[in-house]
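Hydrogens, waters and symmetry mates play no part in the numbers below; they use all other heavy atoms, side chains included. Numbers here simply count residues along the sequence, with the first being 1.
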Amino acid sequence: MEEANGYDFDKVFKDSTNYLNFCEYLVAVPFFLHLQNGIKPQGSYDCITDNSISTITIPQCPSVQSQQGDYYGLRLNSNAVMCNNDTWKEIWKHVRVANVGIRNIGYYSGSEVSRNKILGMCYFYRAFAYMELTRRWGGMPYLYAPMKASEEMDLPRLSMQETYKRAANDCDSAAMYLQNVIPNSEYQHPTRIAALALKSRILLYAASDQARYENGEGENLWENAALAADYALKEAEGTSVYQLVPWDKYYYLFKGDDESVYTQEVLFGRRQTVNWGADGYTKVNRPPGQLSGTYGIAVNQLFVDAFEMKSTGLPITDPESGYYEQNPYTDRDPRFEFTVIHNGQTVMNRKLQIYHLDENNPNIAGSKDLKITAGIPEMGYTQTGYYSNKWMGNTFGAHLKCLWPYIRLAEVYLNFAEAANEAWGSPDQKDGRCKYSAEEAINIVRNRAQMPDINNKFLNQTDFRERIRNERRVEFGFEEHRVFDLRRWLIGTQPQYRDIWRMKITKLKNGYDKAKYPTGFKFERELLISRIYEPKQNLFVIKLDDTNIGPNFKQNPGW
């Protein structure tokens, strides 16, 4: 919350070009970089959740620290960009730049169109910054003007709900000034539709248990969240520009550089190129072995289990699903192979071998894509029998052009589905003010992925709640949603949302029972890690220097 670096006021704020350039900091400098940022983070956000762990096993790896419950140490870990002190400071700097841009708008000498662009951008980024601050560190003082170094810094923290509500109001202000659609040349700037979508997310978080029950019984904001998402959907669909991309274009929603695809669904995102040999590719996402990476992301078996059966649309735990443990990767939700790399899958024209034992060669431990020493996968190789696939390209040796999706239209459908189910008590009930029921909204996302409608047996509030949570998990895997969803639902301490399981895979000796083992492999589930997760880990640790300013700005509970 420091003053911005010294500047000549008249030269910056009375010159229209310089004023815009000052505010463009909000767009040009993200809170932190995704994927391309060297090895920061090591692994993925999802590696501090129940979705995955990093194959890097050194003590300072965020994945390793989080397994041990050491969130206190993450604040000083330069690799933990999801929550460290540097990210904390950068988000507050965005608040300051936004406030300076809003406060001085009376001096702006440019056109009304560009003035509106500046105001919309500043209100949007203030809301975005507070959204990120609150879901990481809890409720915060809401600053509407830049602070001077001489001002009182020991400000009391607002509740999470109140902070979210003020950020939602900023989304309304942003929407007053922003355009529904912007030229592709301006992509990465916010639009009015992005502001409405962000509001739907903010109110969803405000309605959820973490914020609602932070200090006892808070406001019931589920209807507000549902109506915000409904309005965002109707406005987006009304433009004839925004839509869910068809399944055969799903790859280009995240990867490649086809603007005609990703601009349809990614309402707010960031374009980037990750070079083939860059640390952000070799040391974060691309595994060793045939794919020539160094490290990778080891996917939890429980995340694999979240992908339903395609033909029935049922979870694999349902006896009517058609799932067979010894042929586990057949007929799964198409998003499975897009998101997860498994044994026998072809990636970049290489058929990967990720098995632990070969009964035909008992003296050889592991396989071509899984080296094992003393019974343990070597660092860099998957401990679970899987790798992540979402941020892998199609072509071996090629740079990865990709788009990081801060907000996708698919999220707004699922935001609505969750909020509507909670607000009106039944997923098939359609409120007269809304375009969809919760059931219809989730089916739009499922059908795009070539999945059947949600089964009728889940069309009650309780069962649908579990299916919408599962849908978010599979649709947004490795897009940095899971850690915050687990927190706002207050379920991270439960073993099924905490622990890491692996699939031990054995290549069977010639003459195996083909009826019992149709793939030629035996699959055995094993508990790998029982992670430490306590309620205090629902919030990260605030930078200690700031909580030492005075008694009002308090550290988070338990830290």
Side-chain angles (χ1 to χ4, degrees), residues 27 30 33-36 178-198 200-201 232-276 280-281 285 310 333-341 346-349 388-396 398-416 441-451 471-472 474-481:
V27 178
L33 294 173
H34 303 266
L35 301 178
Q36 67 193 37
L178 295 171
Q179 300 296 311
N180 280 342
V181 181
I182 58 177
N184 288 341
S185 60
E186 294 187 14
Y187 196 79
Q188 300 186 170
H189 288 76
T191 64
R192 176 173 175 268
I193 303 301
L196 298 177
L198 178 61
S200 83
R201 178 194 289 179
L233 288 173
K234 287 187 288 195
E235 292 296 293
E237 293 174 349
T239 65
S240 74
V241 172
Y242 302 110
Q243 60 181 319
L244 298 189
V245 304
W247 179 250
D248 63 354
K249 301 289 186 182
Y250 195 72
Y251 174 92
Y252 300 100
L253 176 59
F254 305 96
K255 293 169 279 195
D257 56 3
D258 190 340
E259 290 181 339
S260 68
V261 175
Y262 64 72
T263 53
Q264 295 178 52
E265 184 171 337
V266 181
L267 305 176
F268 179 52
R270 187 173 189 84
R271 292 178 290 213
Q272 56 195 43
T273 297
V274 185
N275 291 341
W276 175 257
Y281 209 169
N285 285 288
K310 180 181 178 182
D333 183 326
R335 289 171 291 189
F336 169 57
E337 297 223 356
F338 184 85
T339 310
V340 178
I341 296 173
T346 298
V347 180
M348 298 182 183
N349 292 319
S388 169
N389 197 28
K390 197 158 205 175
W391 298 109
M392 296 283 290
N394 275 341
T395 306
F396 189 87
H399 302 329
L400 178 64
K401 292 185 177 181
C402 56
L403 183 86
W404 185 262
Y406 291 126
I407 305 173
R408 290 200 278 130
L409 187 59
E411 179 190 341
V412 188
Y413 284 106
L414 296 186
N415 289 351
F416 175 80
I442 195 175
N443 284 337
I444 289 172
V445 177
R446 289 172 64 86
N447 294 166
R448 185 270 294 279
Q450 300 184 320
M451 289 295 290
E471 195 70 26
R472 290 181 67 92
V474 300
E475 178 67 29
F476 303 131
F478 304 104
E479 294 180 51
E480 301 180 0
H481 284 261

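- No side-chain donor-acceptor contact under 3.5 Å links Lys249 to the backbone of Tyr262.
- Shown here for Trp391 and Pro405, the closest heavy-atom pair between the two residues is CH2-CD, 3.8 Å.
- Counting heavy atoms from C-beta outward, Val274 and Asn285 have side chains that stay 4.5 Å or more apart.
- More than 12 heavy-atom neighbours from other residues, nucleotides or ligands sit within 6.0 angstrom of CG on Asn184.
- A parallel orientation is assigned to the rings of Trp404 and His34, their planes being inclined by less than 30° (bins at 30° and 60°).
- No side-chain donor-acceptor contact under 3.5 Å links Lys310 to the backbone of Pro334.
- Of the inter-residue distances, the one linking Thr339 atom OG1 with Phe254 atom CZ reads 8.0 Å to the nearest 0.5 angstrom.
- Taking each heavy atom of Thr191 and Leu178 in turn, the nearest pair found is O-CD1, 3.4 Å.
- Val261 approaches Val245 most closely through the heavy-atom pair O-CG1, 3.4 Å.
- In terms of heavy atoms, Ala197 sits closest to Ala232 at N-CB, 4.0 Å.
- With sequence neighbours excluded, the residues forming a side chain to side chain contact (heavy atoms under 4.5 Å, CB included) with Gln188 are Val27, Arg270, Arg271, listed by chain and number.
- The distance from atom CG of Leu196 to atom CD1 of Ile407, rounded to the nearest 0.5 Å, is 10.0 Å.
- Without hydrogens or angle criteria, Lys390 side chain to Gly477 main chain gives a donor-acceptor distance under 3.5 Å.
- Asn275 meets the side chain to side chain donor-acceptor pair (under 3.5 Å) test with no other residue; sequence neighbours excluded.
- Distance check, rounded to the nearest 0.5 Å: CG of Leu409 to CD of Gln264 gives 10.0 Å.
- To the nearest 0.5 Å, atoms CZ (Arg192) and OG1 (Thr239) are separated by 10.0 Å.
- You'll find the side chain of Val412 stays beyond 4.5 Å of the side chain of Tyr242, heavy atoms only.
- Ring planes of Trp276 and Tyr281: perpendicular class, angle over 60° (limits at 30 and 60°).
- Heavy atoms of other residues, nucleotides or ligands lying less than 6.0 angstrom from OH of Tyr252 number 12 at most.
- For the pair Ile193 and Glu235, the minimum side-chain heavy-atom distance is below 4.5 Å.
- Within the 4.5 Å cutoff, no side-chain heavy atoms of Asn349 are placed close to those of Phe396.
- Ile442 is listed as a side-chain neighbour of Leu414, based on a closest heavy-atom distance under 4.5 Å.
- With contacts defined as side-chain heavy-atom distances shorter than 4.5 Å, the pair Tyr406/Leu198 does not qualify.
- Heavy atoms only, all atoms of each residue included: Leu244 and Val445 are closest at CD1-CA, 4.2 Å.
- Residues in residues 401-416 take part in these salt bridge (charged side-chain N to carboxylate O under 4.0 Å, His left out) pairs, two or more places apart or across chains: Arg201-Glu411, Asp257-Lys401, Glu265-Arg408, Arg408-Glu475, Arg408-Glu479.
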**Request:** Could you walk me through whether Asn415 and Ser200 pass side chain to side chain donor-acceptor pair (under 3.5 Å), step by step?
**Result:** CA-CA 7 Å; Asn415 289 351; Ser200 83; 3.1 Å; yes
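- The two residues Gly393 and Met348 come nearest to each other via the heavy atoms O-CE, 3.3 Å.
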**Item:** Intermediate values then yes/no, side-chain contact (heavy atoms from CB on, under 4.5 Å), Glu337 and Asn389
**Value:** CA-CA 7 Å; Glu337 297 223 356; Asn389 197 28; 5.7 Å; no
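- In this structure, Lys255 forms a cation-pi arrangement with Phe338, its terminal cationic atom sitting closer than 6.0 Å to the ring centre and no more than 45° off the ring axis.
- A 4.5 Å side-chain heavy-atom check between Arg335 and Trp247 finds at least one atom pair inside the cut-off.
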